[in-house]
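What follows is a short report on a single structure.
Note that the structure is predicted; figures quoted are calculated from it, not measured. What you see below is based on every heavy atom in this structure, not just the backbone, and it leaves out hydrogens, waters and symmetry mates.
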2 protein chains.
Amino acid sequence: MARDDAPERTTHADKVYALLFGQLMNGTFDPGAALNIPTLSREFEVSQTPIREALARLEHTGLVHREALRGYFVAALFSEVELDKLMEARLVLEPALALEAGRRVTPEFLAKLLVPIDDLLRLSESQVVRSFREYWSADEDFHTLIAEQSANPFLEGAYRSLGGQVQRFRLFVKLGSADARFAAAEHRQIYDAFVARAPEAAADLMRHHIESARLRALSDRKTILANE
Amino acid sequence: MARDDAPERTTHADKVYALLFGQLMNGTFDPGAALNIPTLSREFEVSQTPIREALARLEHTGLVHREALRGYFVAALFSEVELDKLMEARLVLEPALALEAGRRVTPEFLAKLLVPIDDLLRLSESQVVRSFREYWSADEDFHTLIAEQSANPFLEGAYRSLGGQVQRFRLFVKLGSADARFAAAEHRQIYDAFVARAPEAAADLMRHHIESARLRALSDRKTILANE
DNA sequence: CCGCCCCAAATTGGATACAGTATCCAAATG
DNA sequence: CATTTGGATACTGTATCCAATTTGGGGCGG
């Protein structure tokens, strides 16, 4: 069987992983909800083995946690103090990533970076930020591209281990359109520092950007509400 | 049944994970070697399912990598440039960890930290460092305790994601006894900064310690040989 | 309120399908 | 006659499924 999907180069486990990852990011599941294997097996129409493997891989993203003999659960929501610690971790990593990326600026890198910057700018200019999804996706792309350009797989991996958490907390921060414009401008400044081949300046601007984001997140945290 | 092993809160997958982790650390497997599941299943005398789960979890430690439809393999040996990048990543993370730990010094922390420090000192004083295993284990404990004391699970997680790699590369660095004494002294200085409740000093000393370790590693790298 | 029983779910074991690789043999060529 | 190339075949190991076992928790009756 499965003759028509011959060009299939991904395994079931890979597909389940990608699907679950996306759903966890989108807030499809309630925090703390149980992810039981037989149910997922029926929903995705694959057996339990690929489900189990996908969940095991998801564990290190922090989006899911496992209790022995009890099963897998969606990670609990952030507390204020955890959010603060997450931003502190970003404050350690991301300026260092920007510094290294700044030392390796290429025209291709600048071109790729311009895409999420323009998206963010465009989205922030509309009076009301309609699509949080698009907005945060552009933000994520911006930071991830820089992490990749650092040319340090260990630092990049450390950032990626935060990445899932960052994305998830974004779902619960209400963003004003003024905030969005500030963030877009800060991204642009970092880009300009890259263009000017000024790695230290890029690192400083990144530090400033994350500190600002932290303040925005903390002040907006009172208005927790589901997005869209 | 299984009444006597009631305190058993670990699954087979957990045990296999721990065993494989230890063996990968000890250099039991050759770099690049294939880890095929039926063989491991026979060796550990469990079925393939827990093996598969353990390997999936090991993937994010960087000790093992997976190629779709080809299986799992022991991570390749470090090149000189990768080693350098690893140390660069430590240089970003560990001073920050020391800073945070330094802000949260407790008597218990100092007491626990003294154990690996004394071990290291004692081992380094013997003319020849006999047991690399013990030496590196004490070194690892020192750094891990500090990471834990940082009270930032995200930073700690980022460090742990490097931890496996750090430990693995240690196996291939030949350490002179002079180097060992330097390292022991540096650890002691960091400890003293903690005692003096000087977080910034601790961070600076940590930075210096890792920079020194990097230089020692690179200069000793020519004499790559299996330890023990 | 306590203990027993039942059920849902995790964990594990083994069996099967399938892909990729290596090997071997034979035919064709120089 | 030696060498190379083509293709078919056997084999190794992954990916997957399904069944059996065990555990944890909750409801029911005492």
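No salt bridge links A:Lys112 with A:Glu108; every basic N to acidic carboxylate O contact stays at or beyond 4.0 Å.
Of all the residues in residues 56-64 of chain B, not one reaches under 4.0 Å from DNA chain C with any non-hydrogen atom.
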A:Thr11 and A:Asp14: CA distance, side-chain angles, deciding distance, side-chain hydrogen bond (donor to acceptor under 3.5 Å, both in side chains) verdict: CA-CA 5 Å; A:Thr11 66; A:Asp14 291 327; 3.0 Å; yes
Evaluation steps, side-chain contact (heavy atoms from CB on, under 4.5 Å), between B:Phe21 and B:Met25: CA-CA 6 Å; B:Phe21 189 80; B:Met25 290 294 206; 3.1 Å; yes
Evaluation steps, side-chain contact (heavy atoms from CB on, under 4.5 Å), between B:Phe73 and B:Val64: CA-CA 6 Å; B:Phe73 302 85; B:Val64 151; over 6 Å; no
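Not counting sequence neighbours, the partners of B:Thr39 by the side-chain hydrogen bond (donor to acceptor under 3.5 Å, both in side chains) test are B:Asn36. Remark: B:Glu100 engages B:Arg103, B:Arg104 in a side-chain hydrogen bond (donor to acceptor under 3.5 Å, both in side chains) (not counting sequence neighbours).
Identified under the salt bridge (Lys or Arg N to Asp or Glu O under 4.0 Å) test for residues 22-46 of chain B, with sequence neighbours left out: none. Judged as a salt bridge (Lys or Arg N to Asp or Glu O under 4.0 Å), the pairs with a partner in residues 145-163 of chain A (not counting sequence neighbours) are, in order, A:Glu148-A:Arg160, A:Glu156-A:Arg160.
In this structure, CD1 of B:Ile51 is placed 17 Å from C1' of D:dT16, rounded to the nearest angstrom. At whole-Å resolution of the value, NZ in A:Lys15 and C1' in D:dT16 are 12 Å apart.
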Reading 5' to 3' through nucleotides 4-12 of chain C, protein heavy-atom contacts under 4.0 Å coded B for base, S for sugar-phosphate only, - for none: -----SSBB
